[in-house]
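Just so we're clear, the structure is a prediction, and the values are computed from it rather than from any experiment.
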Protein chains: 2
Amino acid sequence: MTEHGTGRRGQHRRAAPTMKHVAALAGVSVMTVSRALATPDRVSPEALEKVRRAVLQTGYVPDRNAGALSSQRSHIVALTLPTLANGNFADLAEGISDILLPAGYQPLIGHSGHSLEKEEELVRIMLARRPDAFVLVGTTHSRETSRLLHASGITVIETWEYTDNPVDLCVGFSNRRAGELAAEHLAGLGHRQLAAIGGSLDDTLKDYRGEQRLRGFRDAARRLGLPDPVILREAVVPIRHGQGAGTMARLLDDHPGASAVFAISDTMAFGAMMECQRRGIAVPRQLSILGFGDFDIAGQCLPGLSTISVDPVAMGRMIGDRILERMAGSAPRSEETAPRIVLRHSTSAPPGA
Amino acid sequence: MTEHGTGRRGQHRRAAPTMKHVAALAGVSVMTVSRALATPDRVSPEALEKVRRAVLQTGYVPDRNAGALSSQRSHIVALTLPTLANGNFADLAEGISDILLPAGYQPLIGHSGHSLEKEEELVRIMLARRPDAFVLVGTTHSRETSRLLHASGITVIETWEYTDNPVDLCVGFSNRRAGELAAEHLAGLGHRQLAAIGGSLDDTLKDYRGEQRLRGFRDAARRLGLPDPVILREAVVPIRHGQGAGTMARLLDDHPGASAVFAISDTMAFGAMMECQRRGIAVPRQLSILGFGDFDIAGQCLPGLSTISVDPVAMGRMIGDRILERMAGSAPRSEETAPRIVLRHSTSAPPGA
DNA sequence: CTGTTAGCGCGTTCAA
DNA sequence: TTGAACGCGCTAACAG
């Protein structure tokens, strides 16, 4: 018998109190402490009280990672977003957290910067924490990402886009449909020459969902018998307001014929509106602008921005609920949510009408 | 000998592959796999290759929680923010992530909704994951929060405010100083009757940092010999644009004398600008407006919003660096960063000047 | 209701 | 360079 284990750890900080410390202080076994914390009703009132006191005295906080190792349930839910600096995704994350945290699950948030390679790296890093469920924005992933997720055998929820062939579960909306909605709204107002501004088609950084919206927009315009919309893809994700202004400037310079513009996001739409204001173009009298996302700013700018809302907080809560159902053993179904138009004052009939 | 341990876990999903599986497949011991992944140079090229293949074939991802339990280093860094739906905090989080992730640390993000009680709960939940470091926005915490952090014995970094008495380390700026800067700028332009709009003093939901900015603003005005600024605290955190408009409306109705307004955040400032536009008040000719935060929108709206920047991404990176230094065994110092004015076009000399 | 035993997946330590 | 033993902190399973 060599004596391992005594003082074998090198220099390191004072350790946090463990269950053993609490048990010793309370004069009960470690198991009783464990039960007192997890299933208080299976412990005698006296033992419970002793444990409670010892916990308070030591400032003990259970080590859930150790618990996870033992119980094979980490109570971690991984969440990969394209970026945090986007109100919609932040709202989505808060919606998910609002449901999961009170239920004892810990969201683990990461951001991929709209890159599939970074997403794959992130998935690998997060899988190393053995989450009980994995939430991904988007349905486009690298082969290896899909394989890793599949091999992990955990619940996977894809969101922010709807697909009939999810890795596992899907809670999202059709971005094509959102684009169609945009075209239908503008056509309904009487516009014929439409335009759209969106993100670049850069090889590695791509807004796949935004691209779907643009396609839906174009296809709906065709279906409605309108000329093909002018589509400018110049913004680099993550999109900031300035990109909207720049792309709008290009549109006004090179394709002055359009009377209505669909912007891939409110962020771009606002920048576009400012560019119009700078040039003395009245919105919506001379030019209609329609956004996407119903960001906070859409309701505050002048004129109020007409936009398409997908209610990220509600979607997040729905995702949280689905995860809890799955954890409880039931088999929730995928769900397609419906984007809807929010009418404000940036769209109206075209000038000649 | 009763036979425990065989199939003792109840119904649960297909388990992820473990190091044992990889070792068996590679025909080496578990330890060799461990070393092949952690210290490849201490493993023979042949063994390394066998392991590498087995890893690829199984889609194995190491369990870092188990690793953490063994090594006593979780490589997790906890981060509590007031909210994700605030560009500054999102940027801060991304800045921290940008440094930590490549170094092998996993940020764990939570949001407290500006509530000290929720923060305490969050700290407890996050401590249960045994982070190697803890980052908190703000220097105001509940007694229990401070106690828990102290008892945990880990590195703690407070940010977004500077204090000489941090729990452990502090990387932040003086919010008072930011407020003073605002008053000095406006006074320098010739304004005498100043005003400020900020968050409510609700009992539980408080923007402590914003309040410090307001106090710095007031004190600097006094020091400069100006009449006391009118300060309206009506917005409820988290502040959205609409609150700026409402508070501005109240200011214009009840205190029409002020020629310059400092808004506690760009979000409020923008709402305030829109309210002015709605009323036909020209900014900055009739009224100057100064924001805080240098949010994306400040550079895009018209007129461009003069504001105070604290560079959250840089601060985040600084925090990440400090954490890595501490992990490497050195003793980094606290750092006070300096807020700075970003001049655009929403402030100018007062009407009569 | 309580305690004992065993083991979750890994890294540390020591021995070969 | 490799492997075996051991234990990190906790919970499942069982015995009392």
Side-chain angles (χ1 to χ4, degrees), chain A residues 1-12 15-24 26-51 58 60-75 127-130 152, chain B residues 1-12 15-24 26-51 58 60-75 127-130 152:
Chain A
M1 301 293 142
T2 51
E3 45 111 24
H4 301 280
T6 307
R8 56 189 248 276
R9 310 297 172 192
Q11 42 49 277
H12 70 259
T18 74
M19 214 172 229
K20 203 148 78 176
H21 298 137
V22 175
V28 298
S29 75
V30 171
M31 223 19 247
T32 299
V33 176
S34 175
R35 276 192 280 253
L37 268 39
T39 52
D41 39 314
R42 292 187 177 188
V43 168
S44 69
E46 308 84 61
L48 195 61
E49 180 56 21
K50 285 189 288 185
V51 170
T58 53
Y60 171 69
V61 176
D63 183 333
R64 299 207 73 178
N65 288 335
L69 188 60
S70 178
S71 69
Q72 299 291 74
R73 297 190 121 239
S74 66
H75 288 261
L127 279 178
R129 300 295 168 177
R130 296 295 185 267
S152 74
Chain B
M1 301 290 145
T2 52
E3 46 110 25
H4 300 281
T6 308
R8 56 189 250 276
R9 309 294 172 189
Q11 41 50 274
H12 68 258
T18 73
M19 217 174 226
K20 203 148 78 176
H21 299 137
V22 176
V28 298
S29 76
V30 172
M31 250 340 282
T32 301
V33 176
S34 176
R35 276 192 280 254
L37 295 167
T39 52
D41 40 313
R42 292 187 177 189
V43 169
S44 68
E46 308 84 62
L48 196 61
E49 181 55 22
K50 286 190 287 186
V51 170
T58 53
Y60 170 71
V61 176
D63 183 333
R64 299 207 74 176
N65 288 335
L69 189 58
S70 178
S71 69
Q72 299 291 77
R73 299 190 121 238
S74 66
H75 289 261
L127 279 178
R129 300 294 169 178
R130 295 294 186 269
S152 74

*About how many Å separate CD of A:Glu46 and OG of A:Ser44, when rounded to the nearest 0.5 Å?*
4.5 Å
*Nearest 0.5 Å please: distance from the CG atom of A:Leu69 over to the OG atom of A:Ser74.*
11.0 Å
*Verify side chain to side chain contact (heavy atoms under 4.5 Å, CB included) between B:Asp63 and B:Thr18, making sure each step is shown before the conclusion.*
CA-CA 8 Å; B:Asp63 183 333; B:Thr18 73; over 6 Å; no
Roughly, in whole Å, what's the span from [atom1] in [X] to [atom2] in [N]?
X	N	atom1	atom2	answer
A:Met19	C:dG3	CE	C1'	14 Å
B:Asp63	C:dC8	CG	P	12 Å
A:Leu48	C:dT2	CG	P	9 Å
B:Arg64	C:dG11	CZ	P	9 Å
A:Leu69	D:dC10	CG	C1'	8 Å
A:His75	D:dG9	NE2	P	20 Å
B:Arg73	C:dG9	CZ	P	24 Å
B:Asn65	C:dG11	CG	C1'	14 Å

*Please confirm whether any donor atom in the side chain of B:Ser70 sits under 3.5 Å from an acceptor in the base of D:dG7, or the reverse.*
yes
*A:Pro62 versus B:Arg130, closest heavy-atom pair with distance*: O-NH1, 3.6 Å
*Tell me which residues in residues 28-36 of chain B put a heavy atom below 4.0 Å from DNA chain C, sorted by number, or none.*
B:Met31, B:Ser34
*Contact list for residues 26-40 of chain A, test side-chain hydrogen bond (donor to acceptor under 3.5 Å, both in side chains), sequence neighbours left out*: A:Ser29-A:Thr32
*asked:* Can you confirm whether B:Lys20 sits close enough to B:Val33 that some side-chain heavy atom of one is under 4.5 Å from a side-chain heavy atom of the other?
replied: no
Does [X] have a side-chain nitrogen or oxygen under 4.0 Å from the phosphate oxygens OP1 or OP2 of [N]?
X	N	answer
A:Ser44	C:dT2	yes
A:Tyr60	D:dC10	yes
A:Gln72	C:dG7	no

*asked:* Under 4.0 Å, counting only non-hydrogen atoms across every strand here, what does A:Ala47 touch: a base, just sugar-phosphate, or nothing?
replied: sugar-phosphate
*What residues, two or more places apart in sequence or in another chain, satisfy side chain to side chain contact (heavy atoms under 4.5 Å, CB included) together with A:Arg129?*
A:Ile76, A:Leu108, B:Arg64, B:Asn65, B:His75, B:Ile76, B:Gln106
